[in-house]
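Note that the coordinates shown come from a computational prediction; the quantities given were computed from them, not determined experimentally. For the numbers below, each heavy atom of this structure counts, side chains included, while hydrogens, waters and symmetry mates do not.
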Amino acid sequence: MTPFAIAGVQMHVGALHSNVEAMRHRIEILMARFPWTQMVLFSELAPYGPLDRFAQPFPNDVIQQFQEDARRFGIWLIPGSMFEKTEDGRILNTSVVINPQGEIAAKYSKMFPFRPYEAGISAGTEFCVFDVPGVGRFGLSICYDIWFPETTRQLTSQGVEVLLHPVLTGTTDRDAEIAIARATAAQFQCYVFDVNGLGAGGVGRSLVVDPSATVLHQSAGQEDMFPIEIDLDQVRRQRETGLKGLGQVLKSFRDREAEFTVYDRSSGADAYLRTLGPLETPAQGTLRGLQTADPRSSLQNLEQTFHSPHHFSVYEGKTGSD
């Protein structure tokens, strides 16, 4: 057995002021109540909420405070994410992974901002994989990223066994997101820690899912601290023998005969997507969706120009990234 205790913190997040001291206070409470906790995960944008006017360069004083907390309590700490302002003026939604020595072990910027609603937020292009010595391999994605299974495919093809997934979901699609979290755990045979906030930070309902898609814990709509001890040997056993001795999905993907040309934008396999109109916020009474052409006819005269800003190398059999 390879046990490891991860605690999610679902807390109220304010939009107009710093939440940093409240986060640090909850770390103290958590470690006093559950001193066996080894990793702590907060929700997306927990330190300052959803407004990018609080964007600041990395590293910064706030991250240094969290580094002090990680070192003080000897824990791995992922303090949600913050808007990062880069030297070239871009704004990214960025998370850091702090190890028990208080060092920044990894950094990740959200790959799929929630467009068109998160206008002005740039997308990250680098995946986040890090090892906890003696335990296993972890990966990080943020909120909307999980709706794109390619992101988790890339991580698990590199051996990730636990997907850490801070979210800020305050909208009516939380039910869908919960279903996706469970499906992700089963599809990729990994643990999923999906931590949402409250108030300006979301509607709560955080959850932890094991590799068989069993929900180990689900919060309601109030503040919650939920340390869960996971067993990484369960991941390894299931990846070897299959979910309940059945589907061995990672090995089946590895041994596939099909190639997915949709990931080569020059192939034209995604031509239908070009007919769907611009990525923009719907207007009142818009009829555009009702006027979308039948895909059988809309593709007949489509001229294709292709360029790819993201590259999921796992789909290329010769790269060695899987």
Between F148 and L279, is there shared hydrophobic-cluster membership here, with clusters defined by ILVMFWY side-chain heavy atoms closer than 4.5 Å? no
Ignoring hydrogens and angles, tell me if any N or O in the side chain of S43 forms a donor-acceptor pair with the backbone of G80 under 3.5 Å. no
What do you reckon, is CD of E126 surrounded by more than 12 foreign heavy atoms closer than 6.0 Å? no
Should V162 and L155 be regarded as members of a common hydrophobic cluster, given that ILVMFWY residues are connected when their side-chain heavy atoms come within less than 4.5 Å of each other, either directly or indirectly? yes
What distance do D145 atom CG and H165 atom NE2 have between them, rounded to the nearest 0.5 Å? 6.0 Å
Nearest 0.5 Å, what's the CD-CD distance between E257 and E259? 10.5 Å
Under 6.0 Å between the ring centres of F4 and W76? no
Without swapping roles, check the side chain of E223 against the backbone of H12 for a donor-acceptor pair under 3.5 Å. yes
Heavy-atom neighbours of R237 CZ exceed 12 at 6.0 Å: no
Which one of L30, T37, V40 satisfies the side chain to side chain contact (heavy atoms under 4.5 Å, CB included) criterion with M225? L30
Any side-chain heavy atom of V96 sitting closer than 4.5 Å to one from F58? yes
Going by heavy atoms in the side chains, are R72 and E28 under 4.5 Å from each other? yes
side-chain contact (heavy atoms from CB on, under 4.5 Å), that's the test. Do H25 and M11 meet it? Break it down for me. CA-CA 11 Å; H25 180 59; M11 61 172 276; over 6 Å; no
Counting C-beta onward and ignoring hydrogens, is there a side-chain heavy-atom pair between V97 and F138 closer than 4.5 Å? no
W36 and F226: same hydrophobic cluster, using ILVMFWY side-chain contacts below 4.5 Å? no
Please tell me if the side chains of F130 and L164 come closer than 4.5 Å, counting only heavy atoms from C-beta onward. yes
Evaluate C143 against E177 for side-chain contact (heavy atoms from CB on, under 4.5 Å), listing each step before the verdict. CA-CA 9 Å; C143 203; E177 195 167 70; 4.0 Å; yes
For the side chain of R256 and the backbone of F253, is there at least one donor-acceptor N/O pair under 3.5 Å apart? yes
Whether D131 side chain and P133 backbone form a donor-acceptor pair below 3.5 Å: no
Inter-residue atom distance Q158.CD - F127.CZ, 0.5 Å rounding: 7.5 Å
Quick one: do the E150 and Y315 side chains pair a donor with an acceptor below 3.5 Å? no
To the closest 0.5 Å, what do you measure between OG1 (T94) and NZ (K110)? 11.0 Å
Are V132 and M31 connected in the hydrophobic side-chain network, where two residues link if heavy atoms are under 4.5 Å apart? no
Determine the minimum heavy-atom distance between P50 and F83, stating which atoms define it. O-CE1, 3.5 Å
Where is the tightest heavy-atom contact between G139 and V160, given as atom of each residue plus distance? N-CG1, 3.4 Å
How about I178 and Q218: do any of their side-chain heavy atoms sit closer than 4.5 Å? yes
Determine the sole option in I142, V13, N196 for which the side chain to side chain contact (heavy atoms under 4.5 Å, CB included) test with E44 is passed. I142
Considering non-hydrogen atoms only, spot the tightest contact between V195 and L41 and give its length. CG2-CD2, 3.6 Å
Side chains of I6 and I228: does their closest heavy-atom pair fall under 4.5 Å? no
Just to verify, which of T169, D175, D224 counts as forming a side chain to side chain donor-acceptor pair (under 3.5 Å) with R205? D175
Tell me if a side-chain donor or acceptor on R265 pairs with a main-chain N or O of D270 at a distance below 3.5 Å. no
Any idea which heavy atoms bring D194 and A181 closest together, and the distance? OD2-CB, 4.2 Å
All heavy atoms of V235 vs all of P211, minimum pair found to be CG2-CG, 3.6 Å
Parallel, tilted or perpendicular: which fits the ring planes of F193 and Y191, with parallel below 30° and perpendicular above 60°? tilted
E161 pairs by side chain to side chain donor-acceptor pair (under 3.5 Å) with which of R137, R236, R239? R236
About how many Å separate CE of M82 and CD of Q56, when rounded to the nearest 0.5 Å? 4.0 Å
Evaluate side-chain contact (heavy atoms from CB on, under 4.5 Å) for W147 paired with D173, printing each intermediate quantity in order. CA-CA 11 Å; W147 288 68; D173 57 351; 4.0 Å; yes
At what distance, to the nearest 0.5 angstrom, does CD of Q65 lie from CD1 of I63? 10.5 Å
Test item: D210 and I230 side chains (from C-beta on) under 4.5 Å apart, heavy atoms: no
Would F112 and I146 count as a side-chain contact (heavy atoms from CB on, under 4.5 Å) if you check the C-alpha gap in whole Å, the side-chain angles of each, and the deciding distance to 0.1 Å? CA-CA 9 Å; F112 286 94; I146 204 172; over 6 Å; no
Can you tell me how the ring of F312 sits relative to the ring of Y263, calling it parallel under 30°, perpendicular over 60° and tilted otherwise? perpendicular
Looking at every heavy atom in both S141 and P166, which two are closest together, and how far apart are they? O-CD, 3.1 Å
Give a yes-or-no answer on whether the side chains of S81 and N93 include a donor-acceptor pair shorter than 3.5 Å. yes
Do V203 and L207 sit in the same hydrophobic cluster, where Ile, Leu, Val, Met, Phe, Trp and Tyr count as joined when their side-chain heavy atoms come under 4.5 Å apart? no
Output yes when a side-chain donor or acceptor of N19 lies under 3.5 Å from a complementary backbone atom of G14, and no otherwise. yes
Within a strict 4.5 Å, meaning less than it, do heavy atoms of the I27 and I75 side chains meet? yes
Over 60° means perpendicular and under 30° means parallel, so tell me whether Y144 and F114 are parallel, tilted or perpendicular. perpendicular
Using a strict 4.0 Å threshold on nitrogen-to-oxygen distance, state whether E240 and K251 make a salt bridge. yes
Any side-chain to backbone donor/acceptor pair from R174 onto G170? Under 3.5 Å, distance only. no
Atom NE2 of H17 with >12 non-hydrogen neighbours under 6.0 angstrom: yes
Salt bridge (charged side-chain N to carboxylate O under 4.0 Å, His left out) assessment of R71 paired with E68: CA-CA 5 Å; R71 183 167 50 248; E68 292 173 5; 5.2 Å; no
